[in-house]
There are 2 protein chains.
Amino acid sequence: MPLDEFDRGIISSLQEDARMPVAAIADRVALSPTPVSRRIKRLEDDGIIRGYAPVLDPRKLGFELDAYVLINLAAHSDDNIERFESAIQANPYVIACHAVTGDMDYLVHVIARDVEHLSEITLKSLVRIPGVRDVKSIIVLETIKEKRALPLD
Amino acid sequence: MPLDEFDRGIISSLQEDARMPVAAIADRVALSPTPVSRRIKRLEDDGIIRGYAPVLDPRKLGFELDAYVLINLAAHSDDNIERFESAIQANPYVIACHAVTGDMDYLVHVIARDVEHLSEITLKSLVRIPGVRDVKSIIVLETIKEKRALPLD
DNA sequence: TATGAAATAATATAGTT
DNA sequence: AACTATATTATTTCATA
């Protein structure tokens, strides 16, 4: 069940390019294509690899702004939590949301076309979710790093 | 240059599954495989699709913890900024980092194996970067949403 | 300039040892 | 796990709108 050197090499290759041909991965990890193909299938079946996604350029799709919105609920009733979380799920501009420690309850990652759009998402969608008390926006000025690859050590 | 309905359908299909066969995408968008294949290549060449990545399960790879670390620099000298940013680039447990508005200068997304590991990353790596003044950790208790798909409207 | 149909090439998977 | 054979998938060619 734990990953061996081959599995790590395979995952690492896929993190570089998830469309890398099995034969190329096989060369890198010094194995033939067959076991590489089978190992990839096993990693998928085990849920270690959940799927594959394109890495898109948000700017080229019209999303110039990026913000992290910290949100506090007025009361942590089941009702408030459920309403909040389903509003979050339904909002296409929320690309990630976590319940967090600290002063605030949630950290919400939002993408927006421009400042007005961000303002609209925050003021018209997020603050209007019933039960939301306080909202603080942290606007991204510059992205220093965004490799979402996981270390395999 | 702007995307048409076909391009959006193609990107949307790839966001569901970046390994979806061209023929299947062709069916969905009511086109033959040939133009779908060419459009994907064009989207890649234009940098709209930057690449492809596996979606991994961090827990199954031993990363149980997730934190956002807010960092302040003592002074915003070029030296401090450069040292900080290269330390961030070199740290494999930093999966994202943004320069942000507000009280703090940077928002750093960190993954860790456990609490000790997070503590080690924060106290031994991040706070020790020369020029770092203040560090506040926001620990992720629960991930409510993590679809990183972009809207295409 | 972009498409569709057919042919070819590339790639992945399954069977066998 | 490798080798070989087969199946799937992607791409190129070419004719056409």
Side-chain angles (χ1 to χ4, degrees), chain A residues 1-63 113 147-153, chain B residues 1-62 147-153:
Chain A
M1 187 75 191
L3 303 184
D4 64 14
E5 215 38 62
F6 293 124
D7 293 319
R8 282 193 285 273
I10 290 167
I11 294 171
S12 168
S13 302
L14 291 173
Q15 287 198 130
E16 267 181 53
D17 171 14
R19 289 204 163 175
M20 186 180 293
V22 171
I25 300 171
D27 281 347
R28 288 172 158 236
V29 301
L31 221 54
S32 77
T34 312
V36 171
S37 178
R38 291 200 179 121
R39 277 165 182 268
I40 290 172
K41 182 152 189 352
R42 206 200 64 221
L43 292 166
E44 290 167 353
D45 291 343
D46 290 351
I48 293 167
I49 298 174
R50 284 200 217 146
Y52 301 90
V55 180
L56 302 175
D57 185 330
R59 301 215 167 178
K60 295 205 166 149
L61 289 167
F63 295 97
R113 302 204 167 276
K147 124 193 143 62
R148 302 218 153 255
L150 299 182
L152 302 172
D153 48 310
Chain B
M1 187 77 191
L3 302 184
D4 64 14
E5 214 39 61
F6 293 126
D7 293 320
R8 280 192 286 273
I10 289 167
I11 294 172
S12 166
S13 302
L14 290 172
Q15 287 198 129
E16 267 181 52
D17 172 14
R19 291 205 163 175
M20 187 180 292
V22 170
I25 301 172
D27 281 346
R28 286 172 161 234
V29 301
L31 219 54
S32 77
T34 310
V36 171
S37 181
R38 290 204 180 116
R39 278 165 181 267
I40 291 172
K41 184 155 187 349
R42 206 197 64 220
L43 292 165
E44 290 166 352
D45 291 344
D46 290 352
I48 293 167
I49 297 175
R50 285 201 214 141
Y52 302 90
V55 180
L56 302 175
D57 185 330
R59 302 215 166 181
K60 294 204 169 151
L61 289 166
K147 127 190 142 61
R148 301 217 154 256
L150 299 182
L152 301 171
D153 47 311

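Throughout, a chain's letter reflects where its sequence line sits, starting with A, and its residues are numbered from 1.
- Here the shortest heavy-atom pairing between Pro54(A) and Ala18(B) reads N-CB, 3.7 Å.
- The local environment of CZ in Arg59(A) is sparse, with at most 12 non-hydrogen atoms from other residues, nucleotides or ligands closer than 6.0 Å.
- Using a 4.0 Å cutoff to heavy atoms of chain A, the contacted part of DNA chain C runs 5' to 3' from dT11(C) to dG15(C).
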Review point. Stepwise, does the side chain to side chain contact (heavy atoms under 4.5 Å, CB included) test hold for Asp46(A) with Asp57(B)?
Key: CA-CA 10 Å; Asp46(A) 290 351; Asp57(B) 185 330; over 6 Å; no
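- Side-chain atoms of Arg39(B) and Asp4(B), non-hydrogen and from C-beta on, do get closer than 4.5 Å to each other.
- A heavy atom closer than 4.0 Å to some atom of DNA chain D occurs in no member of residues 7-15 of chain B.
- With sequence neighbours excluded, the residues satisfying side chain to side chain contact (heavy atoms under 4.5 Å, CB included) with Ser32(B) are Thr34(B), Pro35(B).
- For Gln15(B) against Ala149(B), the heavy-atom pair with the smallest separation is OE1-CA, 3.4 Å.
- Scanning for side chain to side chain contact (heavy atoms under 4.5 Å, CB included) contacts around Pro151(A) gives Asp153(A), Phe63(B), Pro92(B), Tyr93(B), Ile111(B), with sequence neighbours left out.
- Listed in residue order, the members of residues 16-24 of chain B having a heavy atom less than 4.0 Å from DNA chain C come to none.
- Looking at residues 26-41 of chain B, you'll see Leu31(B), Ser32(B), Thr34(B), Pro35(B), Arg38(B), Arg39(B) sit with a heavy atom under 4.0 Å from some atom of DNA chain C.
- Across the protein-nucleic acid pair, Glu5(A) atom CD and dA1(D) atom P stand 14 Å apart, rounded to whole Å.
- Ionic pairing of Lys41(B) and Glu44(B) is not present here: no N-O contact between side-chain nitrogen and carboxylate oxygen is shorter than 4.0 angstrom.
- Using a distance-only test at 3.5 Å, with no hydrogens or angles considered, no donor-acceptor pair links the side chain of Arg28(B) to the main chain of Gly9(B).
- In plain terms, the two heavy atoms of Ala53(B) and Val55(A) that are nearest each other are CB-CG2, 4.0 Å.
- The side chain to side chain contact (heavy atoms under 4.5 Å, CB included) test with Ile40(A) singles out one residue from Asp7(A), Ile10(A), Asp45(A), and that residue is Ile10(A).
- A distance of 5.0 Å separates CD1 in Ile11(A) from CG in Leu43(A), rounded to the nearest 0.5 Å.
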